[in-house]
A.B. asks: 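Quick one: this structure, given as structure tokens, is what I'll be asking you about.
In listed order, ligands and their atoms are each counted from 1.
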Amino acid sequence: MAATQFLAGGTTILDLMKLDVMQPQRLVDVNRIDADVGRIERPADIFYLGAFATMAAVADHPDVRRDYPVVVQALDLAASAQIRNMATLGGNVLQRTRCNYFRDHCCAAYPGDFAQALVALDAAVEITGSRGPRVMPFEQLHRMPGDTPHIETVLKPGELIIGFRLPVGLWTRRSLYLKIRDRQSYEFALASAAVVLDLVGDTVNEARIALGGVATKPWRAREAEATLKGRAIDEATAERAAGAAFAGAQTRGDNAYKVELGKRTLVRALLQASQLSV
Ligand code: FAD
């Protein structure tokens, strides 16, 4: 585990330290490094979300509310209002499971919501570190457990997430985040689906799908996307897509129910998203 951890909103890291799950040697408060890192703006052909913007500030931003429903819903359905006022986007995507086995028990599902919205939008992440800045597809930030389940992302020690670049286009308005959880007040997802649809008439030009609560990282469902291309979305095509999304799913006893739950979540999300007007 990294000897140094950053303190952004502190809502995850302080929790994990209290639980004695993480005991970093150094905690570096990064809140005041530069006021610019909390900005929310549209510089040119991208929409930019600074990594230190709070979840609440982003979810309340009028341009985000108009153009990125999937982002607003993923943020609004995460945690409590009090936490959203403190928690930052950067800290949110890097939150870790609260499971006491931590990721040594490597089938713990990735707990966050906002990351699925970023994956479904094909967003990019800006990172900086001692070797300078770099930008990469957000989808590549989290890694599979493999033989090193304690290493959850491709960030190098000391690297900071600076911001997120969202694509711009009317099609981002036909997007949504559907989250299924045990109770309607704050709770992590049992299953979730982020869906972004680019339609020409009723026909799918491009569908982007990310699943939450069912995999160790935010899960891009490319097989499902491929089944939808060139077709209209109805019950049958949505069910076929959901089948493709979970065709390779591996369950372990108690979580077998997640396959059916995940499929139904995706079918509902696709049908609802296809009805949205832009
Ligand atoms: P911090 O706690 O400050 O940091 C978290 C981690 O990220 C640390 O390891 C830190 O080193 C690292 N870090 C922070 N910022 C950066 C950066 N810019 N670059 C590199 N590393 C960084 N989240 C959901 O998505 N859905 C939920 O349903 C949900 N429910 C919750 C319920 C409760 C009761 C609580 C306490 C939390 C819940 N959360 C949920 C998690 C919450 O959203 C996160 O705690 C929060 O987003 C973390 O943000 P933070 O700024 O407080 O991060």
A.B. asks: Hey, which atoms in ligand 1 end up nearer than 4.0 Å to a heavy atom of Phe6?
C.D. replies: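 Reading through ligand 1 atom by atom, the close ones are 8 (C), 10 (C), 11 (O), 20 (C), 21 (N).
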A.B. asks: Could you tell me which atoms of ligand 1, counted from 1 in the order shown, lie closer than 4.0 angstrom to a heavy atom of Ala8?
C.D. replies: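 So the atoms of ligand 1 that pass are 3 (O), 14 (C), 15 (N), 51 (O).
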A.B. asks: Number the atoms of ligand 1 from 1 as they appear, then name those within less than 4.0 Å of a heavy atom of Thr11, with their elements.
C.D. replies: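 Taking each heavy atom of Thr11 in turn, ligand 1 has 2 (O), 44 (C), 45 (O), 46 (C), 48 (C), 49 (O), 50 (P), 52 (O) under 4.0 Å.
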A.B. asks: Check this for me, if you would: do Glu225 and Arg208 make a salt bridge, where the nitrogen-to-carboxylate-oxygen distance has to be below 4.0 angstrom?
C.D. replies: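 No.
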A.B. asks: Please answer whether the main-chain N or O of Ala207 pairs with a side-chain N or O of Lys229 as donor and acceptor at a distance below 3.5 Å.
C.D. replies: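 Judged by distance alone, no pair lies under 3.5 Å.
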A.B. asks: Among the heavy atoms of Met55, does any lie under 4.0 Å from an atom of ligand 1?
C.D. replies: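 The answer is yes, since Met55 has a heavy atom less than 4.0 Å from ligand 1.
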A.B. asks: Kindly indicate, with the supporting measurements, whether the criterion ring pair (Phe, Tyr, Trp, His ring centres under 6.0 Å) is fulfilled by Phe164 and Tyr48.
C.D. replies: CA-CA 6 Å; Phe164 305 93; Tyr48 188 83; 8.4 Å; no
A.B. asks: Tell me the nearest of Ile83, Leu160, Leu89 to atom 42 (C) of ligand 1, using heavy-atom distances.
C.D. replies: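 Residue with the shortest heavy-atom distance to the ligand atom: Ile83.
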A.B. asks: Can you sort out which atoms of ligand 1 are near Lys179, meaning under 4.0 Å from one of its heavy atoms?
C.D. replies: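 Atoms satisfying the 4.0 Å criterion: 26 (N), 27 (C), 28 (O).
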A.B. asks: Phe114: heavy atom below 4.0 Å from ligand 1, yes or no?
C.D. replies: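 Contact absent.
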A.B. asks: Over all heavy atoms of both residues, which pair between Arg174 and Leu276 is shortest? Give the atoms and the distance, please.
C.D. replies: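 What the structure gives for the nearest pair is NE-O, 2.8 Å.
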A.B. asks: Before accepting this row, confirm whether a basic side-chain N of the pair Arg220/Asp122 lies closer than 4.0 Å to the acidic partner's carboxylate O.
C.D. replies: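 Salt bridge present between Arg220 and Asp122.
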A.B. asks: Name all residues meeting the side-chain hydrogen bond (donor to acceptor under 3.5 Å, both in side chains) criterion together with Asp198; count only those two or more places apart in sequence or in a different chain, and write none if there are none.
C.D. replies: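 Expected list: Asn205.
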A.B. asks: Could you list which atoms of ligand 1 come closer than 4.0 Å to a heavy atom of Gly112?
C.D. replies: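 So the answer, numbered in order with elements, is 25 (O).
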A.B. asks: How many angstroms lie between CD1 in Ile209 and CD in Glu223, if you round to the nearest 0.5 Å?
C.D. replies: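 That separation rounds to 10.0 Å.
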A.B. asks: Can you confirm whether the side chains of Tyr177 and Ser192 place a donor and an acceptor under 3.5 Å from each other?
C.D. replies: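 Yes, Ser192 and Tyr177 have a side-chain donor paired with an acceptor closer than 3.5 Å.
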A.B. asks: So how far is it from Arg65 CZ to Arg173 CZ, rounded to the nearest 0.5 Å?
C.D. replies: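 Separation between the atoms: 14.0 Å.
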A.B. asks: Looking only at distance, does Pro111 have an N or O less than 3.5 Å from an N or O of ligand 1?
C.D. replies: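 No.
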A.B. asks: Select one of side chain, backbone, both or neither to describe which atoms of Phe52 lie under 4.0 Å from any atom of ligand 1, heavy atoms only.
C.D. replies: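 For Phe52, only side-chain atoms sit under 4.0 Å from ligand 1.
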A.B. asks: How does Leu14 reach ligand 1, if at all, at less than 4.0 Å between non-hydrogen atoms: by side chain, backbone, both, or neither?
C.D. replies: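 The answer is neither; Leu14 stays 4.0 Å or more away.
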A.B. asks: Which bit of Glu159 gets closer than 4.0 Å to ligand 1, counting heavy atoms only: side chain, backbone, both or neither?
C.D. replies: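 Backbone only.
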A.B. asks: So which bit of Gln116 gets within less than 4.0 Å of ligand 1, heavy atoms only: side chain, backbone, both or neither?
C.D. replies: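 Contact part for Gln116 vs ligand 1: neither.
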A.B. asks: Which residues pass the ring pair (Phe, Tyr, Trp, His ring centres under 6.0 Å) test with Phe52, sequence neighbours left out?
C.D. replies: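 Residues passing ring pair (Phe, Tyr, Trp, His ring centres under 6.0 Å) with Phe52: none at all.
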A.B. asks: Nearest non-hydrogen atom to atom 51 (O) of ligand 1 belongs to which of Val28, Thr88, Leu155?
C.D. replies: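 It is Thr88 that holds the nearest heavy atom.
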A.B. asks: Heavy atom under 4.0 Å from ligand 1: found in Gln95's side chain, backbone, both, or neither?
C.D. replies: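 Side chain only.
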A.B. asks: Backbone or side chain, does any N or O of Gly9 fall under 3.5 Å from an N or O of ligand 1?
C.D. replies: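 Yes, since at least one N or O of Gly9 sits under 3.5 Å from an N or O of ligand 1.
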A.B. asks: Under the side-chain contact (heavy atoms from CB on, under 4.5 Å) test against Phe47, which residue among Val64, Val71, Leu121, Asp67 passes?
C.D. replies: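 Of the listed options, the one satisfying the test is Val64.
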A.B. asks: Does Glu187 come within less than 4.0 angstrom of ligand 1, counting non-hydrogen atoms of the residue?
C.D. replies: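 Heavy atoms of Glu187 do come under 4.0 Å of ligand 1.
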A.B. asks: Below 3.5 angstrom, do we get any N/O pair linking Ile13 and ligand 1?
C.D. replies: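 Right, the criterion is met.
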